[in-house]
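Values below: all heavy atoms of this structure, side chains included; hydrogens, waters and symmetry mates excluded. Ligands are counted one by one from 1 in listed order, and the atoms in each one are counted from 1 as well. Numbers here are sequence positions counted from 1.
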Amino acid sequence: MSQTDSFQQALSALLEGQLPSQEQLVCLLSASGDDFAALLAAADRVRREQVGDAIWLRGLIEFSSHCRCNCHYCGLRRDNQKASRYRLSEEQILAATGQVAAAGLGTVVLQSGEDTWWTVERLQRVIRAIKEQHPHLAITLSIGERTYDEYVALRQAGADRFLLRFETSNQELYAQLHPGTSLAQRLECLHDLQQLGYEVGSGCLVGLPGQTLADLANDLLLIKKLDLPMVGIGPFIPHPDTPLASAPAGSVDLTLKMLALTRLLLPTSNIPVTTALATLDGGRRQRGWQAGANVVMPNATPNVYWQQYQLYPGKAQLGDSLCHSLANLKQQIEAAGRYVGQGPGSALGRKENAHAEHTA
Ligand code: SAM
Ligand code: SF4
């Protein structure tokens, strides 16, 4: 069978709701030319039917660049002596959150390196203060691995969602890139978070050195198995002060195929266009939105710190303030024929509705 025939067969089966094999996913990930366009168009159609034309905005606050981990790809890794390290104060986080709320966004994302200075007690204080001041704002944490008890305490304080990518489902590759830790430990954290009722987001990097299409197919199967309401997928971008400095960046097209296949596997999920994708695609987010994505995370970190949070160089910038970024973003969203979603934009209710309709 030709690649196009195998592609057509695999895409039709996927659209009928069948779980694809690893081999079929590799075939779909190999799509080029008309097949590539057909894959993105199918994801765009399913996105419109299942989650509509809204694009949800999440205000991202990068509140600490300190990190105890040594992930080989990341500019914030512990051994990078050249990284600028900063921590926002509680007051600064609350002020930035106030701007997110005032701008009408429904979610704030608190992201950091794995920073042990930020004890659970300190984090709880911030979370409680945000909930007190902005009861309708959903709080997403993206702070890495913590103990089960810490995840319990943060949830009790009011955290609603948690982002923790598994990065790669290839156990050996994971171990190579994350010294002193394991994929099993990562998956246990994800399991704990799901058990505790967080709305959990996870996902992977595309284009890690040594990663194959079969690995990416397995990443997609893991995303499906975890039944994630939020899926973050971005291309790897080399940082000059890391062990992967001379590795090539991930491919934009392959990342778009991963987004499209995620949309087809999990039709009601929230899928962002990551800043890494925009960075490699000349600052544009449009192609991601046309490949199944429905979320974007404008940066609400105070300007002086924004550039210091450097996972990779050249981070795409939407504007020099949250207001300016939002104005630009709204223009891009409207130009793409979409509109800005209002409220927290949770995928959980959506999934339950889809399930109820299905079983009614
Ligand atoms: N420290 C927390 C963690 O690792 O989950 C949250 C912050 S971390 C900076 C957020 C994400 O940045 C990671 O999950 C990783 O996929 C991504 N990232 C780190 N370095 C990157 C790079 N060089 N290129 C693209 N994405 C990168
Ligand atoms: Fe730290 Fe996260 Fe970067 Fe790893 S990816 S070094 S945990 S900030």
**Q** Need the ligand 2 atom indices (1-based, order shown) with element for anything under 4.0 Å from a heavy-atom of C71.
**A** 4 (Fe), 5 (S), 6 (S), 7 (S)

**Q** At a 4.0 Å threshold, what atoms of ligand 1 neighbour a non-hydrogen atom of Y312?
**A** 22 (C), 23 (N), 24 (N), 25 (C)

**Q** Look at the N, O or S atoms of C74, main chain and side chain alike, and state whether any lies under 2.8 Å from atom 3 (Fe) of ligand 2.
**A** yes

**Q** Does one side chain, of Q3 or S30, offer a donor that lies under 3.5 Å from an acceptor on the other?
**A**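 There is no such pair (donor and acceptor under 3.5 Å, judged by atom type) between the side chains of Q3 and S30.
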
**Q** With distance as the sole criterion, is a donor-acceptor pair present between the side chains of D215 and T212 under 3.5 Å?
**A** yes

**Q** May I ask you to list the atoms of ligand 2 that are less than 4.0 angstrom from any heavy atom of G113?
**A**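 Counting atoms of ligand 2 from 1, those under 4.0 Å from G113 are 8 (S).
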
**Q** Would one find an N or O of E167, backbone or side chain, under 3.5 Å from an N or O of ligand 1?
**A** yes

**Q** Below 3.5 angstrom, do we get any N/O pair linking Q111 and ligand 1?
**A** no

**Q** Counting heavy atoms only, which part of Y73 comes closer than 4.0 Å to ligand 1: side chain, backbone, both or neither?
**A** both

**Q** Would you say T107 and R161 are linked by a side-chain donor-acceptor pair, where the criterion is simply a distance under 3.5 Å?
**A**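 A donor-acceptor contact under 3.5 Å links the two side chains.
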
**Q** Look at atom 2 (Fe) of ligand 2 and say whether a protein heavy atom is found at less than 4.0 angstrom from it.
**A**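 No, there is no protein heavy atom closer to it than 4.0 Å.
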
**Q** Checking the N or O distance criterion of under 3.5 Å, is ligand 1 in contact with I237?
**A** yes

**Q** L261 versus L39: any side-chain heavy-atom pair under 4.5 Å?
**A** yes

**Q** Going by atom types alone, do N170 and Q211 pair a side-chain donor with an acceptor below 3.5 Å?
**A**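 Looking only at side-chain atoms, Q211 and N170 do not form any donor-acceptor pair under 3.5 Å.
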
**Q** Between C204 and E167, is there a side-chain heavy-atom distance shorter than 4.5 Å?
**A**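 E167 vs C204: side chains apart.
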
**Q** If the cut-off is 4.0 Å to any non-hydrogen atom of C74, which atoms of ligand 1 fall inside it?
**A**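 Atoms satisfying the 4.0 Å criterion: 19 (C), 20 (N).
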
**Q** Using heavy atoms and a threshold below 4.0 Å, how should the contact between Y309 and ligand 1 be classified: side chain, backbone, both, or neither?
**A** side chain

**Q** Do you see a donor-acceptor pair shorter than 3.5 Å between the side chains of Y148 and Q195?
**A**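 Q195 and Y148 do not have a side-chain donor-acceptor pair below 3.5 Å.
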
**Q** Only heavy atoms count here, so choose which of H239, R186, H178 is nearest to atom 4 (O) of ligand 1.
**A** R186

**Q** Might you work through the side-chain contact (heavy atoms from CB on, under 4.5 Å) test for H66 and R87, ending with a clear yes or no?
**A** CA-CA 7 Å; H66 291 263; R87 266 184 204 112; 3.6 Å; yes

**Q** Is there side-chain contact between H239 and L244, with heavy atoms separated by less than 4.5 Å?
**A** no

**Q** Under 4.5 Å between any side-chain heavy atoms of R284 and W289, yes or no?
**A** no

**Q** Establish, from distance only, whether the side-chain atoms of N294 and R338 form a donor-acceptor pair under 3.5 Å.
**A**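 Absent: no donor and acceptor within the cut-off.
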
**Q** Heavy-atom distance to atom 6 (C) of ligand 1: which of P235, S65, G144, S112 wins?
**A**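 It is S112 that holds the nearest heavy atom.
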
**Q** In the protein, what heavy atom is nearest to atom 27 (C) of ligand 1, and what distance, to one decimal place, separates them?
**A** L205 CD2, 4.0 Å

**Q** Does G234 have a non-hydrogen atom less than 4.0 Å from ligand 1?
**A** no

**Q** Within the structure, does at least one protein heavy atom fall under 4.0 Å of atom 11 (C) of ligand 1?
**A** no

**Q** Checking side-chain polar atoms at under 3.5 Å, does D253 have a donor or acceptor matched by the opposite partner on S251?
**A** no

**Q** For C67, take its heavy atoms, then give the atoms of ligand 2 lying under 4.0 Å from any of them.
**A** 1 (Fe), 6 (S), 7 (S), 8 (S)

**Q** With a 4.0 Å heavy-atom cut-off (strictly under), which part of L311 contacts ligand 1: side chain, backbone, both or neither?
**A**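 The answer is both.
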
**Q** Test your reading of the structure: does R165 have an N or O sitting under 3.5 Å from an N or O of ligand 1?
**A**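 Min N/O separation from ligand 1 is below 3.5 Å for R165.
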
